[in-house]
K.L.:
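My questions all concern the structure below.
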Amino acid sequence: MPKRSNVDLQQTIPMIALTINGSPRTFERPLNCAELIGELDLTGKRIAMERNGEIVPRSQFSHCILQDGDHLEIVVAVGGG
Amino acid sequence: MKSNENLDPLVIGGKSYSSRLLIGTGKYKDFAETKAAVEASGAQIVTVAIRRTNIGQNPGEPNLLDAIPPSKYTLLPNTAGCYTADDAVRTLRLARELLDGHDLVKLEVLGDPKTLYPNVVETIAAAKTLVKDGFKVMVYTSDDPIIAKQLEEIGCVAVMPLASLIGSGMGILNPWNLQIIIESAKVPVIVDAGVGTASDAAIAMELGCDAVLMNTAVAAAKNPVLMATAMCKAVEAGRAAFLAGRMPKKLYSASPSSPTGGMIGKS
């Protein structure tokens with residue numbers, strides 16, 4: 001099997017870069033919100049998500065395809081006054 | 001449950017509550033202590049904060065909502081830590097999604113991290129947006145009667161002036177301003193912040209406040225669960241005293257409590 005150049009790699013394996021809760025994360029393939037939640041081990045957890053300043057309803061998680069450069073906030077309830 | 005509790009409900013945003021003590025869930029040593037203190041307080045409305053989740057750093061981390069289930073309590077998500085109207089609105093939209101459309105919220109927009117004094121300009125801006133967006137807004141504010149009135153006119157379902165600075169435990173610094181706010185308000189007035197001990201809560205209720213919201217006074221007590229019990233009693237006692245109507249203050253009284261006649265040894 002011939003060795004592929006970096007250019008080929010970039011073409012065949014699209015990476016997407018997201019900013020999640022202020023930290024950069026890259027994923028090897030495009031994914032939707034539900035898949036992201038799975039990647040982050042948050043499936044079944046009570047969370048809420050904002051994408052680029054807009055709420056993503058939980059019912060829309062599997063329909064919402066994340067784009068390169070998206071800024072996500074994922075929150076939970078914690079103790080507070 | 002005492003028989004008079006349901007005859008004197010606290011009504012916020014169309015919903016009745018028998019407890020007039022609202023309690024926060026911050027600063028406890030663990031969720032077990034949070035749960036025990038909340039239970040001891042008898043509170044039905046319990047505040048929570050909204051924060052970024054850890055993303056894989058700490059899997060299996062316990063969840064506050066397991067200790068304080070939304071099925072048992074009315075959760076009141078807050079905007080603690082927000083310094084702009086925009087951040088506060090975003091936080092509460094996330095909270096509404098997190099809590100399945102729950103629309104009762106505590107708005108607080110702070111002015112600076114040293115005093116945590118409310119920024120009323122940003123608070124008013126956020127309140128307008130949130131009310132328009134269908135939220136039932138309980139709003140933390142200064143003890144300025146004009147601002148409190150404006151927040152009510154915007155459509156907030158409760159105004160919550162401070163007694164003194166958040167977490168200070170300094171008690172009620174300006175009962176006169178609170179009294180002016182109470183006299184003119186048509187929505188519940190809830191003292192939020194500054195209560196240090198049970199007598200502070202009782203004084204707030206005797207002034208005619210509809211309820212008291214606190215966190216640090218309970219969480220930072222040496223025995224939080226016992227203090228939660230004390231606060232429950234103080235709020236009930238203060239409310240009862242307010243409804244009963246206190247006797248007028250006199251420098252001295254010419255009418256002793258015991259009969260003046262029938263004394264022994266008199267001819």
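Every chain is numbered from 1, with letters handed out A, B, ... down the list of sequences.
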K.L.:
What part of B/P70 is in contact with chain A, defined as an atom under 4.5 angstrom from a non-hydrogen atom: side chain, backbone, both or neither?
P.N.:
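Contact with chain A is through the side chain of B/P70 alone.
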K.L.:
Is the shortest heavy-atom distance from the side chain of A/V56 to the side chain of B/E97 under 4.5 Å?
P.N.:
no
K.L.:
Taking side chain to side chain contact (heavy atoms under 4.5 Å, CB included) as the criterion, tell me which of A/L42, A/I20, A/L40 meets it with B/T53.
P.N.:
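Considering A/L42, A/I20, A/L40, a side chain to side chain contact (heavy atoms under 4.5 Å, CB included) with B/T53 is found only for A/L42.
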K.L.:
Based on non-hydrogen pairs under 4.5 Å, which of B/L94, B/L99, B/V48 is most in contact with chain A?
P.N.:
B/L94
K.L.:
Quick one: which residue pairs count as a side-chain hydrogen bond (donor to acceptor under 3.5 Å, both in side chains) with a foot in residues 214-223 of chain B, not counting sequence neighbours?
P.N.:
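Pairs touching residues 214-223 of chain B that pass the test: B/K27-B/T216.
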K.L.:
Is it the side chain or the backbone of B/L65 that comes within 4.5 Å of chain A heavy atoms, both, or neither?
P.N.:
side chain
K.L.:
Please report the interatomic distance CG(B/L98) to CE(A/M49), rounded to the nearest 0.5 Å.
P.N.:
12.0 Å
K.L.:
I need the contact set between residues 69-81 of chain A and chain B: heavy-atom distance under 4.5 Å, sorted by residue number.
P.N.:
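Within residues 69-81 of chain A, the residues under 4.5 Å from chain B are A/E73, A/I74, A/V75, A/V76, A/A77, A/V78, A/G79, A/G80, A/G81.
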K.L.:
Passes side-chain contact (heavy atoms from CB on, under 4.5 Å), A/R46 versus B/N63? Steps please.
P.N.:
CA-CA 8 Å; A/R46 198 185 258 271; B/N63 187 334; 4.2 Å; yes
K.L.:
What side-chain hydrogen bond (donor to acceptor under 3.5 Å, both in side chains) pairs are there with at least one residue in residues 56-66 of chain A, not counting sequence neighbours?
P.N.:
A/R58-B/D100
K.L.:
In terms of heavy-atom pairs under 4.5 Å with chain A, which of B/D192, B/L22, B/N78, B/T34 leads?
P.N.:
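Winner by heavy-atom pair count: B/N78.
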K.L.:
So for B/L76, is it side chain, backbone, both, or neither that comes closer than 4.5 Å to the heavy atoms of chain A?
P.N.:
neither
K.L.:
Quick one: side chains of residues 85-92 of chain B, donor-acceptor pairs under 3.5 Å with protein atoms, not counting sequence neighbours, listed by atom name and distance.
P.N.:
unit_1: B/R90; atom_1: NE; unit_2: A/E50; atom_2: OE1; d: 3.2
unit_1: B/R90; atom_1: NE; unit_2: A/E50; atom_2: OE2; d: 2.8
unit_1: B/R90; atom_1: NH2; unit_2: A/E50; atom_2: OE1; d: 2.5
unit_1: B/T91; atom_1: OG1; unit_2: B/D87; atom_2: O; d: 2.7

K.L.:
May I ask you to name which of B/A80, B/A219, B/G26, B/G24 has the most heavy-atom pairs under 4.5 Å with chain A?
P.N.:
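Going by pairs under 4.5 Å, I would pick B/G26.
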